[in-house]
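Each remark here refers to the structure printed beneath this line.
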There are 2 protein chains.
Amino acid sequence: MGKSRTAPTLNDVAKEAGVSTATVSRCLNSPARVVDETRKRVLKAVDKLGYTPNIAARIMAANRSYSIGAIIPTMDNAIFARGLQAFQDQLREKGYSLLVASSAYRPEIEKDQIRTLVARGVDGLLLIGHERKHEIYDYLEQHQVPALVAWSYMPEARQPSVGFDNRGAMCDLARRVLAAGHRHIGLISGVTEGNDRALSRVEGVRDALAKAGHGAETMTLIETPYGIDNGARAFAEMMQRNPRPTAVMCGNDVLAVGALREAQSLGISVPGEVAITGFDDIELAEIISPSLTTVHVPHREMGRKAASELIDMVEGRSAGQSTCISTHIVSRHSLVAPKN
Amino acid sequence: MGKSRTAPTLNDVAKEAGVSTATVSRCLNSPARVVDETRKRVLKAVDKLGYTPNIAARIMAANRSYSIGAIIPTMDNAIFARGLQAFQDQLREKGYSLLVASSAYRPEIEKDQIRTLVARGVDGLLLIGHERKHEIYDYLEQHQVPALVAWSYMPEARQPSVGFDNRGAMCDLARRVLAAGHRHIGLISGVTEGNDRALSRVEGVRDALAKAGHGAETMTLIETPYGIDNGARAFAEMMQRNPRPTAVMCGNDVLAVGALREAQSLGISVPGEVAITGFDDIELAEIISPSLTTVHVPHREMGRKAASELIDMVEGRSAGQSTCISTHIVSRHSLVAPKN
DNA sequence: TTGTACGCGTTATCAA
DNA sequence: TTGATAACGCGTACAA
């Protein structure tokens, strides 16, 4: 009841322990530099007062925040949620906090969020995908904030990345589709503008067709924002096209699930009449029936790796090394295996 | 190239514009208090230098961070991810940033995270569920950090909450199950220790049984951490019990999906042989087959409402008002409707 | 090993 | 309407 109304500061602790603020600070940050007996006294005082350091002050004094920012398109997609959770876990283990922002796939919002996070003094930044204006990277450089790109792997890019080969993986999957005998392929892609993962996946399909000697007319494309309902709508439209595709590849599992659902309500059998593929391997992919043939991406592994690499960059241990996380095709029931 | 290596400060802007730092600050925070002409000059300087305020400094000076902390059990569950996304959107709209931490359902970790976030100067805190030690609430009070509880509604509790009536909703669902003629009910609950939502749901089932005049022996309970696989395992165990339940209610949809999958691989027909219910109404619930009868919770609405209420508290407009978000049962195929 | 004293970038108070 | 200046709480040379 008679307690002070405001939080205790370093000063309060120092007085309580009968030492200087410098000593208290040292006790907390480099305990080795203070003798045992005083340290005990100080820690007791810390405990008694329930002292917690004021991080804003620490940021200013040390020019270091022990916080990392992450800007993702949306948390409301299992793949980002999962990767982010792993990212955060790893961060926490190393004593960092996470500031998240989401861009809703909108570049202007992302730019805004980047500025906000930098202003908040984050030590490093996790970004999704490489594609953004140069000025943003200039800005980060000016502010000396290390940035790491995830969900995409482009070793030659300006920023280091921890991700996977979207293009190659999708190409492999498309070859699998071709091998199953399909010659009319529909592709339901996420919006490619400002989303290099989506674009790379489209290119992957084109690669496969080109390698197999098929013309571009083999493929018909629809772009739509991610979402189950959008996938369903796109699939319905796809079924109207002429020639009608016998296989519909989707830019991610969410779209594929929508397609699958629409096929069902249209009375189109999968994979009998039309094959469907996804990308990501979210939990849903295994549960849905028919289960979804898709590309498995180890999101957790990527999140963890991204965190440790970014921290290495922040702490000056690395200049930013790109690593490619390997993916693999998970063959399930929505695409019949090639008959050979 | 000849550019300064460090980020511009208020001082730099002031010099560039030929005014004092105070004026620059005013331009940014209360533009009305500065005359048009000077403001223009200042803003031009801000633009030219690419100035972004240092928020740590602002926090110290203003004792206000415009950031809100949220501690959720995990992001890797669609319901929290969705609610959190909505929470963040609303926050952003009002000029606040979000600091997230996750507790993995572990009270000690949560306590730690709370201290961390408070130390970081968050203006307010979002917590999931009411159940935690008094000392934590004392701590928050001492530091004068308003806290709002979500995903749970208990108007009589110490902390205000924005959530729903877990107990009542589950009770309603259980009555539906009883009405369908089931007399042996299995309940697969999440871990109830430290999780009042889980506990309330169990109590809801008990309420329904009591009201209907059935003894406790009508129900058999298994507790397990959330997760599809855990749900599957629990279901398998449930099927060994004697008497074998004809309806298995699950603490959430994730468990229910696991149960459904296990039923399938066990060759048990749903709902013919065993009915299954969930809670939350995640997207999966509608997609899976048979589709899941469950309780629909408007997570997005809750997230948004929580954000605006918490901001009202932070800004002194509200002392913390609890609001109950209404839920409703979504009747699908995993439970046959009562025959009347 | 410990203490003194300054600076970090901003806001707010008070005068001008 | 604007400017000078004192906080804000901490880390860290530097000195003792």
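Keep in mind it's a predicted model, so treat the numbers as computed, not measured. Proteins come first, then strands; the chains are lettered A, B, ... in the order of their sequence lines, and each starts at number 1. Any value given below was found using the heavy atoms of this structure, including those in side chains, with hydrogens, waters and symmetry copies removed.
A 6.0 Å sphere centred on CD of B:Glu135 holds more than 12 heavy atoms belonging to other residues, nucleotides or ligands. Counting heavy atoms of neighbouring residues, nucleotides and ligands inside a 6.0 Å radius, atom CZ of B:Arg33 does not exceed 12 of them. Annotation: A:Glu37, atom CD; neighbour count of heavy atoms from other residues, nucleotides and ligands within 6.0 Å does not exceed 12.
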query = For nucleotides 1-8 of chain C, read 5' to 3', which letter fits each nucleotide if B means a protein heavy atom sits under 4.0 Å from the base, S means only the sugar-phosphate is that close, and - means neither?
reply = SBBB--BB
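Residues satisfying the ring-ring contact (aromatic ring centres under 6.0 Å, His included) test with B:Tyr226, not counting sequence neighbours, are B:Tyr105. Checked against salt bridge (charged side-chain N to carboxylate O under 4.0 Å, His left out), A:Arg197 has no partners two or more places apart in sequence or in another chain. Residues that satisfy the salt bridge (charged side-chain N to carboxylate O under 4.0 Å, His left out) test with A:Arg304, not counting sequence neighbours, are absent from this structure.
Phosphate proximity of D:dG11 to A:Ser25: present, with a side-chain N or O under 4.0 Å from OP1 or OP2. Between B:Tyr66 and C:dT11, a side-chain N or O to OP1/OP2 separation shorter than 4.0 Å is absent. For A:Asn11 and D:dC10, the shortest distance from a side-chain N or O to OP1 or OP2 is not below 4.0 Å.
Between its opening and closing five pairs, the helix from C:dT1-D:dA16 to C:dA16-D:dT1 changes axis direction by 30°, a value rounded to 10 degrees.
The closest side-chain heavy-atom distance from B:Leu125 to B:Leu310 is not below 4.5 Å.
Remark: P of D:dA13 and CG of A:Asn63 are 13 Å apart, rounded to the nearest angstrom. In this structure, A:Asn29 places its CG atom 17 Å from P of D:dG9, rounding to the nearest Å. As a whole-Å value, the separation of B:Ile59 CD1 from D:dG9 C1' is 12 Å.
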Pairs of donor and acceptor atoms involving the side chains of residues 53-64 of chain A, under 3.5 Å and at least two apart or interchain, shall be tabulated with distances.
residue	atom	partner	partner atom	Å
A:Asn54	OD1	A:Ala56	N	2.9
A:Asn54	OD1	A:Ala57	N	3.0
A:Arg64	NH1	A:Asp123	OD2	2.5
A:Arg64	NH2	A:Tyr96	OH	2.8

